[in-house]
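Accompanying notes for the structure given below.
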Amino acid sequence: MTEIVSNRPAQSGRSRRRIGAQLAVGLVAGSMVVAAAPQAGQAAPATVTAAAPAANAARQARAAEAAAPRVRTLEVAYSAAAARAKRKTVALTFDDGPSKYTPQVLDILKRNNVKATFCMLGNNVGPYQKTAKRIVREGHRLCNHSRSHPDFTDLSNSAARSQVVWTQKKIKSVTGRSPQVFRFPYGASNSRTRKVVRDQGLRILGWTVDTRDWSRPGTSVIVSRAVNNTRPGGVVLMHDGGGNRSQTVAALDKTIKKLKAKGYTFVLA
């Protein structure tokens, strides 16, 4: 037996016997604890040397228990993502306003309890300040659509920046709100101009359904294009400015009702 060296004063014979008895009890108790928890299908270990497999099993059990909450969390996150993917949502967007047609668009949206996104030209905000303020007041989203609707791929960086910054300031001065999104006129952009826009902290907004209502193809055609081409998560492009938009106004109510009948809910782009 290995001798235990101690710096304590020598113990009396009685004390040494008492300590020896306590050590013996401790060793027996330890053996009983190990024997009480054998691995499944195995005989109970007879000595303390079997503590290593038991400890490994315990560590594995703790690891499995610790991993379980993470697995459940991933399952919940996956289920939430799948649910969102199955949701039938659509966003209505209107370009080139505000104009004299915008209040009619707002009336229809309000009647149907639908919110939309308005991509406004800076040059139009001043003449239609009351309408611009109403857009904000009724809970719709503002979108910067440049000052004068140029093709951004033809602009220098400084000219593109001026179009964006001027319109941001104009919309803010009239409505009290700064747009957080930007839509390129004609959808025309390149990596250089996209960087100009993003450097202003703006998210670039595209579309998935182009009704081409600007060409005035007829009310029924506008409705058909909007409804038949929409898929879950779609963004519909229409116009409330830039020309005669009476067909767009006439098509809007029916478009909303048909999309609702197909199970779509309306969100902001």
Side-chain angles (χ1 to χ4, degrees), residues 79-121 124-125 128 130-145 171 175-184 187 202-242 245-269:
S79 298
R84 285 194 298 271
K86 292 179 180 179
R87 288 179 58 202
K88 296 180 71 172
T89 61
V90 61
L92 297 181
T93 65
F94 297 90
D95 283 12
D96 299 351
S99 77
K100 66 179 183 179
Y101 297 98
T102 307
Q104 299 174 64
V105 169
L106 290 169
D107 289 343
I108 296 169
L109 293 173
K110 186 174 183 179
R111 188 162 62 246
N112 287 279
N113 194 29
V114 169
K115 306 301 181 187
T117 300
F118 288 84
C119 299
M120 302 194 296
L121 296 178
N124 288 355
V125 174
Y128 293 95
K130 183 177 179 180
T131 300
K133 292 176 181 178
R134 180 183 171 187
I135 288 172
V136 171
R137 187 172 64 252
E138 296 186 358
H140 303 287
R141 176 164 289 169
L142 297 174
C143 171
N144 183 330
H145 195 40
I171 293 174
T175 68
R177 299 279 184 87
S178 294
Q180 301 299 311
V181 291
F182 179 89
R183 173 173 277 168
F184 282 99
L202 294 167
R203 172 172 57 88
I204 296 171
L205 176 62
W207 60 83
T208 63
V209 179
D210 187 353
T211 62
R212 300 191 298 281
D213 58 335
W214 53 268
S215 66
R216 304 188 69 213
T219 298
S220 61
V221 174
I222 295 172
V223 174
S224 177
R225 288 172 178 171
V227 174
N228 295 336
N229 294 313
T230 292
R231 300 293 180 271
V235 178
V236 180
L237 170 61
M238 305 176 85
H239 294 77
D240 64 320
R245 300 300 173 228
S246 58
Q247 290 185 4
T248 301
V249 171
L252 183 55
D253 187 75
K254 187 173 290 187
T255 296
I256 292 172
K257 284 180 168 56
K258 283 182 174 290
L259 286 171
K260 283 186 175 182
K262 293 181 71 172
Y264 280 94
T265 56
F266 292 86
V267 297
L268 295 171

Got a sec, which residues hit side-chain hydrogen bond (donor to acceptor under 3.5 Å, both in side chains) with [X], two or more places apart in sequence or on another chain?
{"X": "Ser246", "answer": "Asn244"}
{"X": "Lys133", "answer": "none"}
{"X": "Glu138", "answer": "Arg134"}

- So among Thr102, Asp213, Val105, which one has a side chain to side chain contact (heavy atoms under 4.5 Å, CB included) with Phe94?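 The residue from Thr102, Asp213, Val105 that satisfies side chain to side chain contact (heavy atoms under 4.5 Å, CB included) with Phe94 turns out to be Val105.
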Please report the closest heavy-atom contact between [X] and [Y], naming both atoms and the distance.
{"X": "Ala226", "Y": "Val236", "value": "CB-CG1, 4.2 Å"}
{"X": "Thr131", "Y": "Pro98", "value": "CG2-CB, 4.1 Å"}
{"X": "Cys119", "Y": "Asp95", "value": "CB-OD1, 3.3 Å"}
{"X": "Val235", "Y": "Ala269", "value": "CG1-CB, 4.4 Å"}
{"X": "Phe182", "Y": "His145", "value": "CE1-C, 4.3 Å"}
{"X": "Lys100", "Y": "Pro103", "value": "O-CD, 3.5 Å"}

Output the distance between atom [atom1] ([X]) and atom [atom2] ([Y]), rounded to the nearest 0.5 Å.
{"X": "Thr255", "Y": "Leu92", "atom1": "OG1", "atom2": "CG", "answer": "8.0 Å"}
{"X": "Ile204", "Y": "Cys143", "atom1": "CD1", "atom2": "SG", "answer": "10.5 Å"}
{"X": "Leu109", "Y": "Ile135", "atom1": "CG", "atom2": "CD1", "answer": "9.5 Å"}
{"X": "Leu252", "Y": "Ile222", "atom1": "CG", "atom2": "CD1", "answer": "10.0 Å"}
{"X": "Leu121", "Y": "Ile171", "atom1": "CG", "atom2": "CD1", "answer": "9.0 Å"}
{"X": "Ser224", "Y": "Lys254", "atom1": "OG", "atom2": "NZ", "answer": "11.5 Å"}

Side chain of [X], backbone of [Y]: donor and acceptor closer than 3.5 Å?
{"X": "Asn124", "Y": "Asp96", "answer": "yes"}
{"X": "Gln247", "Y": "Gly218", "answer": "yes"}
{"X": "Thr89", "Y": "Thr265", "answer": "no"}
{"X": "Lys88", "Y": "Lys262", "answer": "yes"}
{"X": "Ser99", "Y": "Asp240", "answer": "yes"}
{"X": "Tyr264", "Y": "Thr230", "answer": "yes"}
{"X": "Arg141", "Y": "Thr117", "answer": "no"}

- Query: Would Leu237 and Arg183 count as a side chain to side chain contact (heavy atoms under 4.5 Å, CB included) if you check the C-alpha gap in whole Å, the side-chain angles of each, and the deciding distance to 0.1 Å?
  - Reply: CA-CA 11 Å; Leu237 170 61; Arg183 173 173 277 168; 3.3 Å; yes
- Message: Applying side chain to side chain contact (heavy atoms under 4.5 Å, CB included) to Arg245 and Trp214, what does each step give before you reach the verdict?
- Response: CA-CA 7 Å; Arg245 300 300 173 228; Trp214 53 268; 3.8 Å; yes
- Query: Any side-chain donor-acceptor pair under 3.5 Å between Asp253 and Asn112?
  - Reply: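 Per modelled atom types, Asp253 and Asn112 side chains form a pair under 3.5 Å.
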- Message: Can you confirm whether Asn228 is buried at CG, in the sense that more than 12 heavy atoms of other residues, nucleotides or ligands lie under 6.0 Å from that atom?
- Response: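 Counting other residues, nucleotides and ligands, CG of Asn228 exceeds 12 neighbours.
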- Query: Quick check: are there more than 12 heavy atoms from other residues, nucleotides or ligands sitting under 6.0 Å from NZ of Lys258?
  - Reply: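 No, not enclosed.
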Are any non-hydrogen side-chain atoms of [X] and [Y] less than 4.5 angstrom apart?
{"X": "Ile108", "Y": "Ile256", "result": "yes"}
{"X": "Leu259", "Y": "Phe266", "result": "yes"}
{"X": "Leu202", "Y": "Val181", "result": "no"}
{"X": "Gln180", "Y": "Arg203", "result": "no"}
{"X": "Met120", "Y": "Leu142", "result": "yes"}
{"X": "Val221", "Y": "Arg225", "result": "yes"}

- Could you tell me how the ring of His140 sits relative to the ring of Phe118: parallel (under 30°), tilted (30 to 60°) or perpendicular (over 60°)?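 Taking Phe118 first and then His140, their aromatic rings stand perpendicular (interplane angle over 60°).
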